[in-house]
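Here the structure is laid out as structure tokens; the discussion comes afterwards.
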2 protein chains.
Amino acid sequence: MPDTTSSEARERVLAIAEKLFAERGYAAVTLRDIAEALNIRQASLYYHVPGGKEALFVEVVERGMARHRHGLETAIAAVGDDLAAALNAAADWLLSQPPMDFGRMQQSDMPAISPAAAHRLESVVYDSLLLPVQQLFERLSAAGHIRPVRAGVMAGAFLAMINAIHSIPDRYGAPPKREMTRELIEVLCLGLLPR
Amino acid sequence: MPDTTSSEARERVLAIAEKLFAERGYAAVTLRDIAEALNIRQASLYYHVPGGKEALFVEVVERGMARHRHGLETAIAAVGDDLAAALNAAADWLLSQPPMDFGRMQQSDMPAISPAAAHRLESVVYDSLLLPVQQLFERLSAAGHIRPVRAGVMAGAFLAMINAIHSIPDRYGAPPKREMTRELIEVLCLGLLPR
DNA sequence: GTCTATACACTGATAGAC
DNA sequence: GTCTATCAGTGTATAGAC
């Protein structure tokens with residue numbers, strides 16, 4: 001089998017790398033961190049990912065974004081023209097995945113990788129995360145179900161809010177994150193009612 | 001004068017360091033980056049900041065947070081019990097400052113510094129950024145001007161939204177950020193009206 | 001597939017000249 | 001106040017044994 005074959009061990013590498021990169025960002029995660037989490041040596045990573053750290057980062061972000069795009073689109077499409085239901089479905093999907101902080105990615109991670117890779121990832125992130133939510137707002141706005149608003153701004157704000165909640169460290173006694181998102185989405189939907 | 005005297009040159013160091021740390025985060029900024037922006041050599045930084053990189057980071061975050069606390073509290077106190085006015089004043093203040101991404105700080109920067117420093121900064125960030133906004137929601141909620149909501153959640157969501165807008169790269173033709181915040185705040189306030 | 005060993009660049013930090 | 005010089009530690013990456 002060629003290098004890029006998806007073996008069992010390779011999947012573990014990608015999964016751990018995605019988790020660590022998502023949590024701490026590109027610069028703050030070293031290949032030794034990833035290897036340590038896998039209980040192997042740093043050099044061994046190059047068997048699975050010959051391209052090195054940057055290629056690994058690009059691959060896991062692209063994988064994660066493809067997953068998010070599919071997850072968000074199906075979650076939103078599963079419900080009808082009900083904004084609250086769609087946003088809650090989207091939030092539930094996002095909470096089920098490793099937190100992808102696209103704000104930090106644009107501010108911190110992209111400048112740390114090669115411009116070519118950054119440019120590719122930027123559009124992938126936009127298409128996968130922002131677009132599905134933005135199109136939801138556009139659709140409901142055009143149908144008159146919500147007031148006319150800048151759909152891109154609303155989508156970005158929604159994703160930032162959900163990500164903020166997702167990033168809260170789980171503390172004993174803290175309210176469940178799904179309850180927090182429900183409450184926020186309720187406020188948003190009431191604020192977007194026509195008239 | 002002792003080492004900690006605030007000389008002219010020292011202020012420049014702190015200002016540049018705050019800007020770079022705020023933009024890219026602790027791990028992604030090197031002392032050589034800061035020195036280069038000041039047109040001096042990396043070793044020269046140690047004259048102004050004998051404590052090194054971590055001490056520099058702690059100091060600029062504490063300075064920035066003290067500024068934010070004062071700025072947010074006065075901005076909010078300047079207007080009365082009008083939620084929209086208070087949030088717009090808070091947003092205008094935040095937009096006038098270098099973006100302080102407290103989500104990234106907690107996720108990425110804090111794990112990269114010593115636990116002792118991280119612990120100190122955590123409470124400073126909470127007291128300076130979240131608390132002033134949270135207390136605004138609590139006050140208006142208790143007065144019956146808005147529906148009862150989790151004030152901490154609303155405050156975190158508000159700050160995350162504003163930060164997301166603040167972090168958008170300035171592109172030609174893009175709508176002004178203040179207009180975006182106005183629109184978002186309007187949605188929030190309508191969604192929080194009693195009944 | 002994973003290891004050891006190692007090359008090489010970068011980073012934070014110190015010492016001392018000017 | 002800033003410089004040069006230098007060091008130890010760390011990070012990515014490669015070569016080759018097993």
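Side chains included, hydrogens not; waters and symmetry mates left out as well; all remaining heavy atoms used. Lettering follows sequence order; numbering is per chain, from 1.
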Does anything in residues 124-151 of chain B form a salt bridge (Lys or Arg N to Asp or Glu O under 4.0 Å)? List the pairs, not counting sequence neighbours.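 Residue pairs with at least one partner in residues 124-151 of chain B: A/E179-B/R150, A/E183-B/R150, B/D81-B/R139.
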
Which other residues end up in the same hydrophobic cluster as [X], if Ile, Leu, Val, Met, Phe, Trp and Tyr are linked when side-chain heavy atoms come under 4.5 Å apart?
{"X": "B/V79", "answer": "none"}
{"X": "A/L95", "answer": "none"}
{"X": "A/L193", "answer": "A/L190"}

Residues from residues 51-61 of chain A lying under 4.0 Å of DNA chain D - heavy atoms: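 The answer is A/G52, A/K53.
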
Tell me every residue that passes salt bridge (charged side-chain N to carboxylate O under 4.0 Å, His left out) with [X], counting only those two or more places apart in sequence or in another chain.
{"X": "B/R182", "answer": "B/D92"}
{"X": "A/D82", "answer": "none"}
{"X": "B/E122", "answer": "none"}
{"X": "B/E23", "answer": "B/K19"}

Considering residues at least two apart in sequence or located in another chain, which fulfil the side-chain contact (heavy atoms from CB on, under 4.5 Å) criterion with A/R41?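 Only A/S44 meet the side-chain contact (heavy atoms from CB on, under 4.5 Å) criterion with A/R41.
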
Atom-pair distance (CD on B/Q42; P on C/dA15), nearest Å: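 Those two atoms, CD and P, are 14 Å apart.
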
Range on DNA chain D touched by chain A - first to last nucleotide, heavy-atom distance under 4.0 Å: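 Listing 5' to 3', DNA chain D meets chain A from D/dG11 to D/dT14.
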
Does anything in residues 30-37 of chain B reach DNA chain C, meaning a heavy atom under 4.0 Å, and if so which residues?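 Those residues are B/T30, B/L31, B/R32.
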
Within 45° of the ring axis of B/F21 and under 6.0 Å from its six-membered ring centre, is that where the NZ or CZ of B/K53 lies?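 No.
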
